[in-house]
Amino acid sequence: MKNCILTGTMLLAVLTAKAWQGDVVIETPHTQMILHADEGQDLRWGYYGERSATMEQLRESGCDLNFPVLPAFGTVDMVQLPALQVEHTDGDMNLELKVEEYSRVDHGNAVVHTFLLRDQLQPVIIRLFYKAYKGVDIIETWTEIVNNEKKPITLKRYDSGQLTLRQGDVWLTHLHGDWAAEANMVQEPLTPGCKVIRNTDGARNAHLDAPEIMLSLDGKPSETTGRTIGMALCWSGNYELRLNTILNKQIHVYAGIDPQSSEYVLDAKATFTTPRLAMAYSKEGMGGVSRTFHRWARECGMLHRGNGVGDILLNSWEGLYFDINEERMLQMMDDIARFGGELFVMDDGWFGDKYPRNDDSSTLGDWVVDKKKLPGGIKALVDAARKKNIKFGIWIEPEAVNTKSELYEQHPDWALQVRGRELKLGRGGTQLVLDMTNPHVQDFAFKIVDDLLTRYPEISYIKWDANASIQNYGSLYLPRHKQGNLYVDYHLGLLKVMQRIREKYPDVVIQDCASGGGRANYGLLPYFDEFWTSDNTDALQRVYIQWGTSLFFPANAMAAHINHCPYWNTGGRVIPIKFRCDVAMSGRLGIELQPKDMTDEERRQVETCFKDYKALRDVIQTGDLYRLVSPYDRKGVAALMYVLDGQGCLFAYKTDNYYNQPLPRIRLAGLDPDKNYTLVEQNVHDGQQPCALSGKQFSGRFLMDVGIEVPLWEDYASRVFTIQ
C-alpha cells in the first residue's frame, strides 16, 4: 500500500531550531494557505483559496488577521471558541502558545510544514502540521500534543484543526441519515450562532451524521461554479464539527474528536497525535471538491485499492441470510460464474461448533466452521471456486461477541462493560462489543484474519462487519483514571489491528462494512479497499444514498449491488431489473440475491449488465465524476457521468413517476468542446431496442452547452450510454 501518511516522529529528525518570523505560504498545484507569526507570538490566520494572494495584499485590502490558527482555552476571548484545552498537573487550565520553531520539509509527493508552539508557563509543546500535496489540491492538518510535565495531564479538547472564513452568503452541505438511509444530502445557509455536527455511536461514525462537510462561499451550492471548501476528518470514532458564525465578522470551523466522555489522560513524556483533517478548495463548485477528494483517495494511498478496480461479485446475504449450507454455496458459485461474475462471497452464518450461527443471537467470537452446514469446510468451497474460475470471499465480524458463545464463556472480561452494572445488549439481544483497547483482544482480532488466510490462502476477499455501537462505556483493561480514554483508544487499537493485517496481507481485498455505511470515513479507508454503502439495496433509494456518498468518496470505494424484488427494506417495492442494474453499475458492481429465484428476463439483463460493465469498469471506477442533475433538486431525474482519457459513461434515472411530467435536458460535462462524440446505449440485451439517441454523434460543445433529451418516459426508466 502506498503510504502518504507522515508521522510526527519522522519529522523530529528534520526539525530545525533556527529563529523564524514572518509569513508562511502553504501551496498545492492550484491553492494556497497563508499563515503569519513572529517568533515568540502566536500563529495567525491569513488566507485559504486560489493561488492569488500575498500577506501584503491581504493587509492592504483590509483583511482581519487577528485570529489564531489554533486558539487555546484561557488565551482567546469569548468570541472565538478554543480548539485546545488542557488541564495541567497543578490544575492550571490555560495554554498560551507561542511559535518557537518552524520547518518546511519536502517528502516527494508532498511538503510538510511544521510549527512548534510552546506554552509560556507549563512544559507542554504543540506541534502543528500542514501537509500540502504536490499533485492534488489537498492540505492535511493535525497536531501532536507533547506532555513534558512530570505527571499525566488531561486533554479536555483536542481538535485537529481550525479554519477561519469571512462571513458572507456561506452555505453548509453535510450528510445526515440513519441505518438503511445513509448520506442524505442536507444544504443550509450558515446563520449567526454555533452549528454542531457530531456522532457519538462509539464504534461507527457515519450513521446519523458523517464527518465530512462542504462550505459554499458564494451562496447556494452549485455543482459547477462557486468557491467551495471541502473538509473530511480522517477518523473512525466519535467526532465533533463546530461552525461558529459571528454576526458581521467571521466563521470559525473546528474539527476533531468529540470531547464528550473522552477527556484523555496523557502520561508524562507521552505524545498524543490527533486525526488528520483533510481540506480541499475549488472554484468549480461541489463537483470540483469531489473530484479533488476522489483523486487524492486514489493517488495518495488513502484508498488501498488506489486506481485499481473491484471485481463483480455475488454476496450471499440477501439471498440466503443465515440459511447457509454447502449445496447452496456451490449453487450460487455456479450462478455467478454463469453470469460472467468474478467473485463469490459467503456472508454470515457459516461458523459455530457448540453454538451454531443460525440467527443473530449467538456465536460471534467462535470463528470455526460449522461442519453440519459445510461438511467439506472452507477448503471445499475455495477448491470449487478455483475450478469455476472465480474468486472466493468470506464474512467476519471480529470486533463483536455474543453472550451465547464459547469466547464469552472463556473471556467475559474481553467485552466492554462496567463491573457490577447490568449489560446493555445489542443485536439479537446478546451482542457486545469487544474491548479493542486490550492488546489481547487486538491479538484475537488479528488472529481471526491470520488463521483464515494462513489456512486458506485462496481467500481473496474479506467482508469486515461491525454491527453494534458502544453501549457499555467501560473497560476492564484500562485503569480507573483512564476510563475517559476508551472512545479514543478503542479506535487506536482497531488501527493497530488493521496495520498488522495490511503488513502481512497487503493484497487481500477487504470491505469495510458497519451495518451498511456506518464506517464510510477516511480514518479507516487506508486499510480497506471499499465500503458497503448501505444495507438498503433498493435501487431508487440507492440513487440518493450513492449521490450523497459520492461527495467525498470515489466510485471504486462504493459497493453497489443489484437486489431482489419485491424488496422488504422498502415495504415490498418492486423496481424493474434494468433500473436496478443501471443504478448498481454506477459504483463497484455486485449482486445481492438468490439467483435461482430470478426470472429469465432478470437473468438476461444481469448477464448483459455484467458484460457491458467489464468494458466500462475503468471509466466508472476511476474516472472523473460529474454530477449533472441532482435527485435532491426534485426535477424527476438524476444524472451523472464519469470521464476517463476522453471516454465517458452517462447514467440517467427517472426518480419520480407521474403522467406528463416535464423532464430537464441533460447537459454533459468534462468533454472536449472541439471533439465529436458518439452516444451508444449500454445494458440493452438482444430482446430490447436501444433508444433513438444511440449511435448519434454530437460535438462536445453541443453536449455541454445545449444537452440531450434522454428518453425516460416509463416508470423507473433508466439509460446508460458510453460517450466515445
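Counting begins at 1 with the first residue of the sequence.
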Will you find, in the side chains of [X] and [Y], an N or O donor that is under 3.5 Å from an N or O acceptor?
X: Q260; Y: S262; result: no
X: T141; Y: R276; result: no
X: E144; Y: T271; result: no
X: Q122; Y: N148; result: no
X: Q32; Y: Y47; result: no
X: D209; Y: H176; result: yes
X: E149; Y: T89; result: yes
X: T154; Y: E263; result: no
X: E50; Y: H30; result: no
X: E530; Y: Q511; result: yes
X: D137; Y: T28; result: yes
X: D201; Y: N199; result: no

Give me the atom names and distance for the closest heavy-atom approach of [X] to [Y].
X: Y642; Y: G623; result: CD2-O, 4.0 Å
X: L277; Y: A255; result: CD1-CB, 3.7 Å
X: C513; Y: W532; result: SG-CD1, 3.5 Å
X: P82; Y: D159; result: O-OD2, 4.1 Å
X: I545; Y: T549; result: O-OG1, 2.8 Å
X: L492; Y: Y264; result: CD1-OH, 4.4 Å

Flag, side chain of [X] to backbone of [Y], donor-acceptor distance under 3.5 Å:
X: T274; Y: T143; answer: yes
X: T114; Y: S103; answer: no
X: N485; Y: V265; answer: yes
X: R305; Y: N556; answer: yes
X: R502; Y: Y527; answer: yes

Indicate yes or no: does [X] engage [Y] in a salt bridge with an N to O separation below 4.0 Å.
X: K269; Y: D267; value: no
X: D624; Y: R295; value: yes
X: K134; Y: D106; value: yes
X: R291; Y: E284; value: yes
X: K195; Y: E188; value: yes
X: D512; Y: R519; value: no
X: E100; Y: R127; value: no

F553 vs H294, ring pair (Phe, Tyr, Trp, His ring centres under 6.0 Å): CA-CA, chis, key distance, verdict: CA-CA 6 Å; F553 297 101; H294 298 174; 8.3 Å; no

Residues L165, L217; criterion side chain to side chain contact (heavy atoms under 4.5 Å, CB included); working and verdict: CA-CA 9 Å; L165 304 171; L217 309 185; 4.1 Å; yes

Candidate pair R542 and S586, rule side chain to side chain contact (heavy atoms under 4.5 Å, CB included), full reasoning: CA-CA 10 Å; R542 271 299 188 106; S586 66; over 6 Å; no

Intermediate values then yes/no, side chain to side chain contact (heavy atoms under 4.5 Å, CB included), Q85 and M93: CA-CA 7 Å; Q85 184 178 4; M93 303 280 283; 3.4 Å; yes

More than 12 foreign heavy atoms under 6.0 Å from [atom1] of [X]: is that the case here?
X: R198; atom1: CZ; answer: yes
X: K496; atom1: NZ; answer: no
X: K283; atom1: NZ; answer: no

Mutual orientation of the aromatic rings belonging to Y632 and Y544 [parallel < 30°, tilted 30-60°, perpendicular > 60°]: perpendicular

Parallel, tilted or perpendicular: ring planes of Y102 versus H113, cut at 30 and 60 degrees: parallel

Centroid-centroid distance, F115 to F129, less than 6.0 Å: no

Check: W296 ring centroid to F293 ring centroid under 6.0 Å: yes

Check against side-chain hydrogen bond (donor to acceptor under 3.5 Å, both in side chains), S290 and R627: CA-CA 10 Å; S290 294; R627 292 181 295 263; 2.7 Å; yes

Step-by-step side-chain hydrogen bond (donor to acceptor under 3.5 Å, both in side chains) determination, H36 to D23: CA-CA 4 Å; H36 175 85; D23 306 333; 2.5 Å; yes

Taking C-beta and beyond as the side chain, do [X] and [Y] meet within less than 4.5 Å on heavy atoms?
X: M55; Y: Q57; answer: no
X: W171; Y: L215; answer: no
X: V488; Y: Y158; answer: yes
X: P259; Y: K156; answer: no
X: T173; Y: I213; answer: no
X: L640; Y: Y626; answer: no
X: H88; Y: L95; answer: yes

Cation-pi, Y254 ring and R242 (6.0 angstrom, 45 degrees): yes

Worked check of ring pair (Phe, Tyr, Trp, His ring centres under 6.0 Å) between F552 and Y522: CA-CA 9 Å; F552 286 89; Y522 277 110; 7.6 Å; no

CA sep, side-chain torsions, deciding dist, call: Y281, V289, side chain to side chain contact (heavy atoms under 4.5 Å, CB included): CA-CA 6 Å; Y281 171 92; V289 169; over 6 Å; no

With E27 via side chain to side chain donor-acceptor pair (under 3.5 Å) - residues at least two apart: R51

Atom pair CD1 (I126) and CZ (F272), whose distance is rounded to the nearest 0.5 Å: 11.0 Å

Test log, rule salt bridge (Lys or Arg N to Asp or Glu O under 4.0 Å), inputs E240 and R157: CA-CA 10 Å; E240 183 179 78; R157 180 175 287 282; 3.0 Å; yes

Criterion side-chain contact (heavy atoms from CB on, under 4.5 Å) against E96, the qualifying member of D42, D119, L117, L121: D119

